[in-house]
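All residue numbers in this chain count up from 1 along the given sequence.
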Amino acid sequence: MVACKSILYCTDFSEGARLALPHAVDMAKKYGAMLHLVHVYQEPDHLSAFELSADVQMEWVRVAQSVGVETDKKLEQLCNEVSAETGPCTHKVLRGRPHVEIIRYARENHVDLIILASHGLSGWEHVLFGSTAERVVREGPCTVMVVKRHV
C-alpha cells in the first residue's frame, strides 16, 4: 500500500484551484493524511526597477501586509471548512516565486503528495509566464497531481 501521510494543496483562489480542492479532500480522507493548504503571494519583481519615494514604498508595504492578512483569513476559513471532512488541517501563506516556495514547503514538511491546478496556459502566455504546475512536477520532491480545468 502507498503511504501518504501528508498532502499539500496549493491554491491561488482561482476557479481552477477550487476544482482541485475536492481531489485534495478526497485523498486526505482516503489516506488519513494531514492536509496542508498553501497560498504563495508573489510580489511584483518589476517594481524594484523604478525609483519609488519612501511614502510610496511604505504604502506598498502596508498593502502587501493587508493582502497577507486577508489571504491568511481566507486560508484559515477554508482550512476550518475542510477539516470537518478530513480531520486536522494546517494552512500557510508564503511569499516568493510560487514554484520555489511550494517545493521548499513540501521538502521542509515531508509532503508525500502535492495537489495543484493547471491554468492551461498555451502559446505565448506559456512562453512568457511559464507554468507553476510544470515546474513543481519537474522539480518537486514527491508525487504531484495536477488537476486540469475543464475546457
Mind running side chain to side chain contact (heavy atoms under 4.5 Å, CB included) on Val146 and Val136 for me, showing each step along the way?
-> CA-CA 10 Å; Val146 179; Val136 171; over 6 Å; no
Answer yes or no: is there an ion pair linking Glu76 with Lys73, defined by an N-O contact shorter than 4.0 Å?
-> no
Indicate yes or no: does Glu15 engage Arg18 in a salt bridge with an N to O separation below 4.0 Å.
-> no
CG-CG distance between Leu21 and Asp26, expressed to the nearest 0.5 angstrom | 11.0 Å
Under a single-linkage definition using a 4.5 Å side-chain heavy-atom cutoff for Ile, Leu, Val, Met, Phe, Trp and Tyr, are Val93 and Leu35 assigned to the same hydrophobic cluster?
-> yes
Between Asp12 and Thr132, is a side chain to side chain contact (heavy atoms under 4.5 Å, CB included) present by the stated rule, with each step listed?
-> CA-CA 11 Å; Asp12 60 2; Thr132 297; over 6 Å; no
Among Ile114, Leu37, Val82, which one satisfies side chain to side chain contact (heavy atoms under 4.5 Å, CB included) with Tyr9?
-> Leu37
Closest heavy-atom pair, Thr71 versus His39, reported as atoms and distance to 0.1 Å, is CG2-CD2, 3.3 Å
Of all the heavy-atom pairs spanning Met34 and Pro88, show the shortest one and how long it is.
-> SD-O, 3.3 Å
With rounding to the nearest 0.5 Å, note down the distance linking OG1 in Thr86 to CD1 in Ile7.
-> 9.0 Å
Can you hop from Val40 to Ile115 via hydrophobic side chains spaced under 4.5 Å?
-> no
Within one Ile-Leu-Val-Met-Phe-Trp-Tyr cluster: Leu78 and Met27, side-chain cutoff 4.5 Å = yes
Report the distance from atom CD of Glu108 to atom CD of Glu101, rounding to the nearest 0.5 Å.
-> 8.5 Å
Is there a chain of hydrophobic side chains (I, L, V, M, F, W, Y, each step under 4.5 Å between heavy atoms) that links Tyr31 to Val147?
-> yes
May I ask you to test the Pro141-Arg107 pair for a side-chain heavy-atom distance under 4.5 Å?
-> yes
Tightest non-hydrogen contact, residues Cys89 and Ser83, listed as CB-CB, 3.9 Å
Geometric cation-pi criterion Lys92 and Tyr105, 6.0 Å radius, 45° cone = no
Heavy-atom pair with the smallest gap, counting every atom of Ala33 and Cys4 | CB-O, 3.3 Å
Heavy-atom check, side chain of Met145 versus side chain of Thr143, under 4.5 Å = no
Are Ile102 and Leu94 grouped together when hydrophobic residues (ILVMFWY) are joined by side-chain heavy atoms under 4.5 angstrom apart?
-> yes
To the nearest 0.5 angstrom, please state how far the NE2 atom of His91 sits from the CD atom of Gln77.
-> 11.0 Å
Salt bridge present between Arg138 and Glu134 (N-O < 4.0 angstrom) | yes
Closest heavy-atom pair, Leu113 versus Cys142, reported as atoms and distance to 0.1 Å, is N-SG, 3.9 Å
